[in-house]
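Working notes for the structure below.
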Amino acid sequence: MPFIKTRDGTDIYVKDWGSGRPVILTHGWPLNADSWDAQAMALAEAGFRAIAYDRRGFGRSGQPWSGYDYDTLTDDLADVMAATGATEDATLVGFSMGGGEVARYMSRHDGKGVIAAGLIASVVPYMLKTDDNPHGVPEATLAGIGAGIKEDRPAFFRTFLQQFLGVGFITSPVSDEMVDWVWGLAMQAGLRSTLACAESFGHTDFRADLAAFRVPTLIVHGTADKTVPIDATGRAAAKGIAGSQLVEYDGAPHGLTLTESDRFTQDLLRFLGR
């Protein structure tokens, strides 16, 4: 079943590996489900059922004009869970933008069927810098993302993804080929969805959603994340989610599921096997 159809008729591409307790993986912007492959394979080999899907507008999923707000994206997540039968004993794990869908699912769908959650380098609870969120990202920086994409999307993402993956002038935690591969994932997304989702993850306030987390929650964030600052997100989420576990990766960039893949995979498996 490579595709499921959402309640508004959008086709969503789904990868469903292994059997056992389901773990649903929501990817970051501007990537797709393939970015989870290392973790999905490890989960399946460890006796879990790994379900990863391409967000609408990204990868192999349909590219409708609308539906890039978090309420609709979260309904897509609920539809994926229903279509795959992953509606009991499920763990939701969201990377970056995907953390927003996890948080909104816990509030909008009352955490139905979920026994644990993971927020990985996540935008939750709030990305935008405001008077009451001083560690967030300035509006001008977020606006620059849209402007750069409109001007020259391939060039913008070549630069953006180097920061995303912590690539420096002298050293890099990943190979040039890894950067090329991630760039290729980003370029599979539609222009409309890329822009609309940047608007959504940069401006959606999830602070009111935190109280809906009533399950064990793993929060992993890199201290050197220049894309999604840890003080406004990971550390703030840990303070707002009762009983959560925060694991900080010292010096890790935003894309830690790739740059710290082995360490993160083991931390996730330990959390799932607690």
Side-chain angles (χ1 to χ4, degrees), residues 1-4 12-28 31-55 58-61 73-74 76-106 109-122 124 185 212-222 234 237 241 243-247 249 252 255-274:
M1 184 183 60
F3 288 92
I4 68 103
I12 299 292
Y13 179 83
V14 179
K15 301 171 75 167
D16 191 346
W17 294 357
S19 59
R21 207 168 79 223
V23 181
I24 298 96
L25 305 165
T26 61
H27 66 81
L31 310 179
N32 63 42
D34 291 355
S35 61
W36 280 115
D37 272 6
Q39 288 76 38
M41 189 157 73
L43 287 167
E45 290 175 343
F48 295 93
R49 182 184 177 196
I51 299 171
Y53 66 95
D54 292 350
R55 182 180 290 107
F58 294 78
R60 291 139 293 199
S61 290
L73 295 173
T74 300
D76 288 350
L77 168 58
D79 291 342
V80 169
M81 294 172 68
T84 58
T87 55
E88 295 181 2
D89 299 331
T91 297
L92 301 183
V93 180
F95 168 67
S96 191
M97 178 180 182
E101 280 135 323
V102 175
R104 188 54 51 85
Y105 182 88
M106 299 306 292
H109 294 274
D110 197 32
K112 181 181 178 182
V114 175
I115 62 168
L119 300 173
I120 315 304
S122 163
V124 174
L185 299 184
F213 281 81
R214 296 181 293 273
V215 297
T217 301
L218 173 67
I219 301 171
V220 179
H221 217 107
I241 298 175
S244 60
Q245 173 189 356
L246 173 62
V247 180
Y249 286 11
L256 59 81
T257 59
L258 299 171
T259 64
E260 322 288 326
S261 179
D262 291 344
R263 177 184 177 184
F264 169 64
T265 299
Q266 291 306 309
D267 283 344
L268 178 60
L269 289 171
R270 276 192 292 270
F271 172 71
L272 292 169
R274 67 198 181 286

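Hydrogens, waters and symmetry mates play no part in the numbers below; they use all other heavy atoms, side chains included. Residue numbers start at 1 and run along the sequence shown.
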Any idea which heavy atoms bring [X] and [Y] closest together, and the distance?
| X | Y | answer |
| --- | --- | --- |
| A237 | L119 | CB-CD1, 4.4 Å |
| V102 | G94 | CG2-N, 3.6 Å |
| F264 | Y249 | CA-OH, 3.2 Å |
| A86 | I51 | CB-CD1, 3.8 Å |
| P22 | E88 | CG-O, 3.7 Å |
| F213 | A117 | CE2-CB, 4.0 Å |

Donor-acceptor check, side chain of [X] to backbone of [Y], threshold 3.5 angstrom: yes or no?
| X | Y | answer |
| --- | --- | --- |
| H27 | D34 | no |
| R21 | L272 | yes |
| Q39 | T257 | yes |

Can you tell me how far apart [atom1] ([X]) and [atom2] ([Y]) are? Round to the nearest 0.5 Å.
| X | Y | atom1 | atom2 | answer |
| --- | --- | --- | --- | --- |
| I4 | I12 | CD1 | CD1 | 6.0 Å |
| E260 | T265 | CD | OG1 | 11.0 Å |
| T217 | M106 | OG1 | CE | 6.5 Å |
| T91 | F48 | OG1 | CZ | 7.5 Å |
| M81 | L92 | CE | CG | 5.0 Å |
| I219 | S122 | CD1 | OG | 8.0 Å |

For side chain to side chain contact (heavy atoms under 4.5 Å, CB included), just list the numbers for T26 and Y53, CA-CA rounded to whole Å, side-chain angles, deciding distance to a tenth of an Å, and then say yes or no. CA-CA 7 Å; T26 61; Y53 66 95; 3.4 Å; yes

Pair R60 + D54, salt bridge at N-O below 4.0 Å: yes

For R49, the option from T84, I24, L43 that meets side-chain contact (heavy atoms from CB on, under 4.5 Å):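 The passing option is T84.
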
H109 and T74: CA distance, side-chain angles, deciding distance, side chain to side chain contact (heavy atoms under 4.5 Å, CB included) verdict: CA-CA 9 Å; H109 294 274; T74 300; 3.8 Å; yes

How about R214 and D110: do any of their side-chain heavy atoms sit closer than 4.5 Å?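 A side-chain contact exists here, since the closest heavy-atom pair is under 4.5 Å.
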
Please report the C-alpha distance between L31 and M97 in whole Å, then the side-chain angles of each, then the deciding distance to 0.1 Å, and finally whether the side chain to side chain contact (heavy atoms under 4.5 Å, CB included) criterion is met. CA-CA 10 Å; L31 310 179; M97 178 180 182; over 6 Å; no

Evaluate the side chain to side chain contact (heavy atoms under 4.5 Å, CB included) criterion for residues E101 and D76: first the C-alpha distance (whole Å), next the side-chain angles of each, then the deciding distance (0.1 Å), finally the verdict. CA-CA 9 Å; E101 280 135 323; D76 288 350; over 6 Å; no

Describe, in one word, how the ring planes of F95 and W36 are oriented to each other, choosing from parallel (under 30°), tilted (30 to 60°) and perpendicular (over 60°). perpendicular

